[in-house]
Amino acid sequence: MTTSGPPEPTPGSQPNQAGHHNLDPHLDRYAARTAGMTASEIRALFAVASRPEVVSLAGGMPNLAALPLDSLSTQIADLIAEDGLVALQYGSAHGVPALREQICEIMAMEGISAHPDDVVVTVGSQMGLDMVTRLFCDPGDVVLAEGPSYVGALGSFAAYQAQVVHVAMDDDGLIPSALREALEQAERAGQRVKFLYTIPNFHNPAGVTLAVERRSEILEICATHGVLVIEDNPYGLLGFDGQTYPALRASDPDNVVYLGSFSKTFASGLRVGWVLAPHAVREKLVLAAESATLCPPTFNQLVVSRYLSTHDWKGQIKTFRENYRQRRDAILSALEQHMPPGCSWTKPDGGFYVWVTVPEGVDTKAMLPRAVTARVAYASGTGFYADGLGSRQMRLSYCYPTPERLREGVRRLAGVLESELELVRTFGNVPTRTISGPQSPSPDTA
């Protein structure tokens, strides 16, 4: 006969002060800021959601099928043959000069007048966001961000121990009066607000666009309170009617740091983005880039530069816009046809996302495993808030699936939601569980 006793310690585990064994022997060595680094609870679900039988409305992967791959392969081969010794060598942390000049030409479409010296090329705009947060935020500083906000931004803010205060939005984007109130409340509490983080165009995840008449007011409010503005604009050229909105940076170059990316308008896998910053900030960004990566990949930058100089990239963006507009129309039509009463959603005029609100009593995070079982996936709204809100919301991405797959995915999702509502009608509302802190960013929730 055997007797039970305390479990044997896991090999390599270390006892803590209470005598219990930690599975991670390095637990007591981590910096305090790692407390804000928590893995997404839905990451394992998305491993299942990536199966071909599952319609994923979760990830924001661009649809690259329209790219001229034959021409690109020739150009890349020519790049290696003609400039391989440069393309495969270390480069400057500042970025390839020719690409920085081309980036200024792109930003001019949004009314931005910039010098190439003030552009810092990054490994995706996520790196730029991380560097800006590292430069400006001490532990306990306050960052204002729309509610909801981009999950990758929330992850960076948490990693640097900044406190996120969400500012309300409506169908016209960030509400100026809510911004003013948030700033005044922070000042009364003695809190130090470092910057406002905003995605003004075709917001991720909300899908709305900041009204043009609000933009100057928001800049004025921030300037009055001495708060920097971080403008994240990866979708700005993807308006379905071809309209390009004036950048915040165009109106206030001294108080706006602008983040841009080629991930949505060319190729996300190349990971080429940029930061346009006031001159003094640019100097510190270059130093931060050197400490983080030494230099961004020269090869990737030269691929982008050659693409911009040899291809009709504006025509390519128009093709992307048309493809995404067709997908937007398909998902909106399917939502109208299939979703049960009590649901509402935004109607984006560009970008990748629809933000859906479900009836009271349904928890979209708790519902997600059942949705994946029904072969459809989405991103729960809780991942887009730093304070645990969003349990009645979900983000649906229409950028990657075909229109037919989008319609089928919404049909499946509506069936799952109907089942959830039937449970609510039978058993009543179940209190939702809030989470502490944002989920870490991943390709599934980008």
Side-chain angles (χ1 to χ4, degrees), residues 40-61 147-148 151 170-171 204-208 326-348 352-385 388-435 439 444-445:
S40 169
E41 298 177 28
I42 61 175
R43 188 169 293 170
L45 283 172
F46 282 118
V48 178
S50 63
R51 295 176 180 174
E53 66 270 20
V54 177
V55 179
S56 178
L57 307 175
M61 290 193 304
V151 65
D170 60 17
D171 288 343
N204 177 10
V208 300
Q326 292 173 2
R327 287 162 167 78
R328 186 275 315 265
D329 291 346
I331 198 169
L332 290 182
S333 174
L335 288 169
E336 191 69 37
Q337 179 180 356
H338 296 294
M339 292 297 269
C343 296
S344 62
W345 50 87
T346 57
K347 297 176 175 59
F352 286 5
Y353 309 108
V354 173
W355 186 243
V356 177
T357 300
V358 300
E360 187 175 353
V362 176
D363 184 333
T364 59
K365 185 176 180 181
M367 186 178 77
L368 183 55
R370 294 184 282 278
V372 173
T373 300
R375 296 173 298 142
V376 62
Y378 57 85
S380 169
T382 55
F384 302 95
Y385 285 89
L389 296 177
S391 61
R392 285 183 54 203
Q393 280 77 40
M394 66 177 84
R395 189 193 71 177
L396 305 184
S397 301
Y398 52 80
C399 45
Y400 190 75
T402 64
E404 293 74 22
R405 292 279 285 174
L406 288 168
R407 285 188 280 267
E408 174 60 20
V410 171
R411 188 192 66 80
R412 296 176 187 178
L413 179 60
V416 175
L417 188 53
E418 288 279 13
S419 298
E420 293 293 305
L421 289 171
E422 182 61 31
L423 289 174
V424 171
R425 287 189 287 266
T426 302
F427 298 105
N429 294 345
V430 177
T432 57
R433 178 177 63 89
T434 60
I435 59 173
Q439 301 166 357
D444 301 308
T445 51

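Predicted, not measured: the structure shown is a model, and the values here were computed from it.
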Are the side chains of [X] and [Y] in touch, meaning some heavy atoms are under 4.5 Å apart?
X      : Y      : value
Tyr398 : Leu57  : no
Pro403 : Arg327 : yes
Val356 : Leu413 : no
Phe352 : Asn204 : no

query = Roughly how far, to the nearest 0.5 Å, is CG of Leu406 from CZ of Arg328?
reply = 12.5 Å

message = How long is the straight-line distance from NZ of Lys347 back to CG of Asp329, given to the nearest 0.5 Å?
response = 12.5 Å

Minimum heavy-atom distance [X]-[Y], with the two atoms named:
X      : Y      : result
Ser397 : Ala58  : OG-O, 3.0 Å
Val358 : Cys343 : CA-SG, 4.3 Å
Arg405 : Val54  : NH2-O, 3.2 Å
Pro401 : Ser56  : CG-O, 3.6 Å
Thr364 : Ser380 : OG1-OG, 3.2 Å
Trp345 : Val354 : CB-CG1, 3.7 Å

task = Sorted by first residue and then second, give each side chain to side chain donor-acceptor pair (under 3.5 Å) pair with at least one member in residues 409-423; sequence neighbours left out.
result = Arg370-Glu420, Glu408-Arg411, Glu408-Arg412, Glu422-Arg425

inquiry  = Using 30° and 60° as the class boundaries, would you call the ring planes of Trp355 and Tyr385 parallel, tilted or perpendicular?
reply    = tilted

Output side-chain donor-acceptor pairs under 3.5 Å for residues 333-342, partner residues at least two apart or in another chain, one line each.
none

request  = Under the side-chain contact (heavy atoms from CB on, under 4.5 Å) rule, collect the residues that match up with Asp170, sequence neighbours excluded.
outcome  = Asp172, Ile175, Arg214

remark   = With sequence neighbours left out, the residues meeting side chain to side chain donor-acceptor pair (under 3.5 Å) with Thr357 are Gln393

message = Run the salt bridge (charged side-chain N to carboxylate O under 4.0 Å, His left out) test against Asp171 and tell me which residues pass, sequence neighbours left out.
response = none

note = With sequence neighbours left out, the residues meeting salt bridge (charged side-chain N to carboxylate O under 4.0 Å, His left out) with Glu404 are Arg407

Check: Ala206 main-chain N/O paired with Thr346 side-chain donor or acceptor under 3.5 Å = yes

